[in-house]
Colleague: 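If you scroll down you'll find the structure; I have some questions about it.
Starting from 1, each residue takes its place in the sequence as its number.
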Amino acid sequence: MRTPIDWQKSSETVAYPDLQKVPNLWVKVSLKHNRTYIYSGQKLIYTMYSTAGRFQKDPASGKYKSVTPTGTYATRDTRGDWVYNPNLKLGANYYVSWNGNYLFHTVVTGPNHQYIKSEAKKLGKKPSSPGCVCLSVPDAKWLEHGLPAGTKVVVTN
């Protein structure tokens, strides 16, 4: 893993694997550890720094849980170079959908496409997003252009 964490660089210092050629490809997101892992079957092949949903107190249980849903999902064909949510006044680059409105994408931007550096500095360190999984700029671009639709995504606490 690259240290210190740099949201403008890849999470690892090795070349990205060609995801189109990875057998038994799947993705695991660890909300508590702020990491996203790429697997070939049981073999870990790449680790990314990530930041997902903030932890909030669940009124029903009284326990803290992420606003990012846990469970098993699959990536979709929905992907692109920029997405913007006018309600949140937040955008991001290089996105891939994995659960409807939940996405893998870069650290967040404002409406002017400028990265919000105070949020970017939280990458790999602290949950801060409204629910999506934020990645470094190169990591998100790699996923947008290489992660096949239908790839299994497992999100865990």
Colleague: Got a sec, which pairs hit salt bridge (Lys or Arg N to Asp or Glu O under 4.0 Å) with one end in residues 105-129, sequence neighbours left out?
Modeller: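 Of all non-adjacent pairs touching residues 105-129, those that pass salt bridge (Lys or Arg N to Asp or Glu O under 4.0 Å) are Glu119-Lys122.
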Colleague: In the hydrophobic clustering (ILVMFWY, side-chain contacts below 4.5 Å, transitive), which residues join Tyr95, or is it alone?
Modeller: Val83, Leu103
Colleague: Answer yes or no: are there more than 12 heavy-atom neighbours, outside Asn101 itself, under 6.0 Å from its atom CG?
Modeller: no
Colleague: Less than 4.5 Å apart, side chain to side chain, heavy atoms only: is that true for Tyr46 and Ser10?
Modeller: yes
Colleague: Treating Arg76 as the side-chain partner and Asn99 as the backbone partner, does any N or O pair qualify as donor plus acceptor under 3.5 Å?
Modeller: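 Answer holds: no.
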Colleague: Provide the closest heavy-atom pair for Trp26 versus Lys28 in the form atom of the first, atom of the second, distance.
Modeller: CZ3-CB, 3.7 Å
Colleague: Do Val107 and Thr51 have side chains that get closer than 4.5 Å, going by heavy atoms?
Modeller: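 Val107 does not reach Thr51 side chain to side chain.
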Colleague: If the condition is side-chain contact (heavy atoms from CB on, under 4.5 Å), which residues does Asn34 pass it with, not counting sequence neighbours?
Modeller: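 Asn34: side-chain contact (heavy atoms from CB on, under 4.5 Å) contacts with Pro127.
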Colleague: Report the distance from atom OG of Ser129 to atom CG of Leu123, rounding to the nearest 0.5 Å.
Modeller: 11.0 Å
Colleague: According to a hydrophobic-cluster definition based on side-chain heavy atoms being under 4.5 Å apart (Ile, Leu, Val, Met, Phe, Trp, Tyr only), do Val67 and Tyr102 belong together?
Modeller: no
Colleague: Could you list the residues that satisfy side chain to side chain donor-acceptor pair (under 3.5 Å) with Thr47, not counting sequence neighbours?
Modeller: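 With sequence neighbours excluded, Thr47 shows a side chain to side chain donor-acceptor pair (under 3.5 Å) to no residue whatsoever.
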Colleague: Ser118: what forms a side-chain contact (heavy atoms from CB on, under 4.5 Å) with it, not counting sequence neighbours?
Modeller: Ile116
Colleague: Which heavy atom in Ile38 sits nearest to a heavy atom in Leu25, and how many Å separate them?
Modeller: CG2-CD1, 3.6 Å
Colleague: Kindly work out whether a path of hydrophobic side-chain contacts (I/L/V/M/F/W/Y, heavy atoms less than 4.5 Å apart) joins Met48 to Val29.
Modeller: yes
Colleague: To check you understand the geometry: which heavy-atom pair defines the closest contact between Tyr37 and Leu44, and what is its length?
Modeller: CB-CD1, 3.6 Å
Colleague: Would you give me the side-chain donor-acceptor pairs under 3.5 Å for residues 85-94, sequence neighbours excluded?
Modeller:
{"unit_1": "Asn85", "atom_1": "OD1", "unit_2": "Asn87", "atom_2": "N", "d": "2.9"}
{"unit_1": "Asn85", "atom_1": "OD1", "unit_2": "Leu88", "atom_2": "N", "d": "3.1"}
{"unit_1": "Asn93", "atom_1": "ND2", "unit_2": "Tyr115", "atom_2": "OH", "d": "2.6"}

Colleague: Taking side chain to side chain donor-acceptor pair (under 3.5 Å) as the test, write out the residues that go with Thr156, two or more places apart.
Modeller: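 Scan of Thr156 (side chain to side chain donor-acceptor pair (under 3.5 Å), adjacent residues dropped) gives none.
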Colleague: Kindly write out the residues that satisfy side chain to side chain donor-acceptor pair (under 3.5 Å) with Ser50, not counting sequence neighbours, or none if the list is empty.
Modeller: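 Applying side chain to side chain donor-acceptor pair (under 3.5 Å) to Ser50 gives Thr36.
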Colleague: Sort and list the pairs that fulfil ring pair (Phe, Tyr, Trp, His ring centres under 6.0 Å) and have at least one residue in residues 50-73, not counting sequence neighbours.
Modeller: Tyr73-Trp98
Colleague: Who are the side-chain contact (heavy atoms from CB on, under 4.5 Å) partners of Asp18, not counting sequence neighbours?
Modeller: Gln20, Lys21
Colleague: Applying side chain to side chain donor-acceptor pair (under 3.5 Å), name anything that partners Asp77, two or more places apart in sequence or on another chain.
Modeller: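 Scan of Asp77 (side chain to side chain donor-acceptor pair (under 3.5 Å), adjacent residues dropped) gives none.
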Colleague: Looking only at atom types and distance, does a side-chain atom of Ser66 sit under 3.5 Å from a main-chain N or O of Gly53, one as donor and one as acceptor?
Modeller: yes
Colleague: Using distance only, find each side-chain donor-acceptor pair of residues 130-153 under 3.5 Å and give its atom names and separation, not counting sequence neighbours.
Modeller:
{"unit_1": "Ser136", "atom_1": "OG", "unit_2": "Lys9", "atom_2": "O", "d": "3.0"}
{"unit_1": "Ser136", "atom_1": "OG", "unit_2": "Asp139", "atom_2": "N", "d": "3.2"}
{"unit_1": "Ser136", "atom_1": "OG", "unit_2": "Asp139", "atom_2": "OD2", "d": "3.1"}
{"unit_1": "Asp139", "atom_1": "OD1", "unit_2": "Ser11", "atom_2": "N", "d": "3.3"}
{"unit_1": "Asp139", "atom_1": "OD1", "unit_2": "Tyr16", "atom_2": "OH", "d": "2.5"}
{"unit_1": "Asp139", "atom_1": "OD2", "unit_2": "Ser11", "atom_2": "N", "d": "3.3"}
{"unit_1": "Asp139", "atom_1": "OD2", "unit_2": "Ser11", "atom_2": "OG", "d": "2.5"}
{"unit_1": "Trp142", "atom_1": "NE1", "unit_2": "Pro17", "atom_2": "O", "d": "3.1"}
{"unit_1": "Thr151", "atom_1": "OG1", "unit_2": "Pro148", "atom_2": "O", "d": "2.7"}

Colleague: Locate the shortest heavy-atom distance separating Met1 from Glu12; write the atom from each residue and the value.
Modeller: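 Met1 and Glu12 have their closest heavy atoms at SD-CG, 4.0 Å.
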Colleague: Does Phe104 belong to the same Ile/Leu/Val/Met/Phe/Trp/Tyr cluster as Val155, with side-chain heavy atoms less than 4.5 Å apart forming each link?
Modeller: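 As far as the 4.5 Å side-chain criterion goes, Val155 and Phe104 are connected within one cluster.
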Colleague: Does Arg54 use its side chain to pair, donor to acceptor, with the backbone of Ser128 at less than 3.5 Å?
Modeller: yes
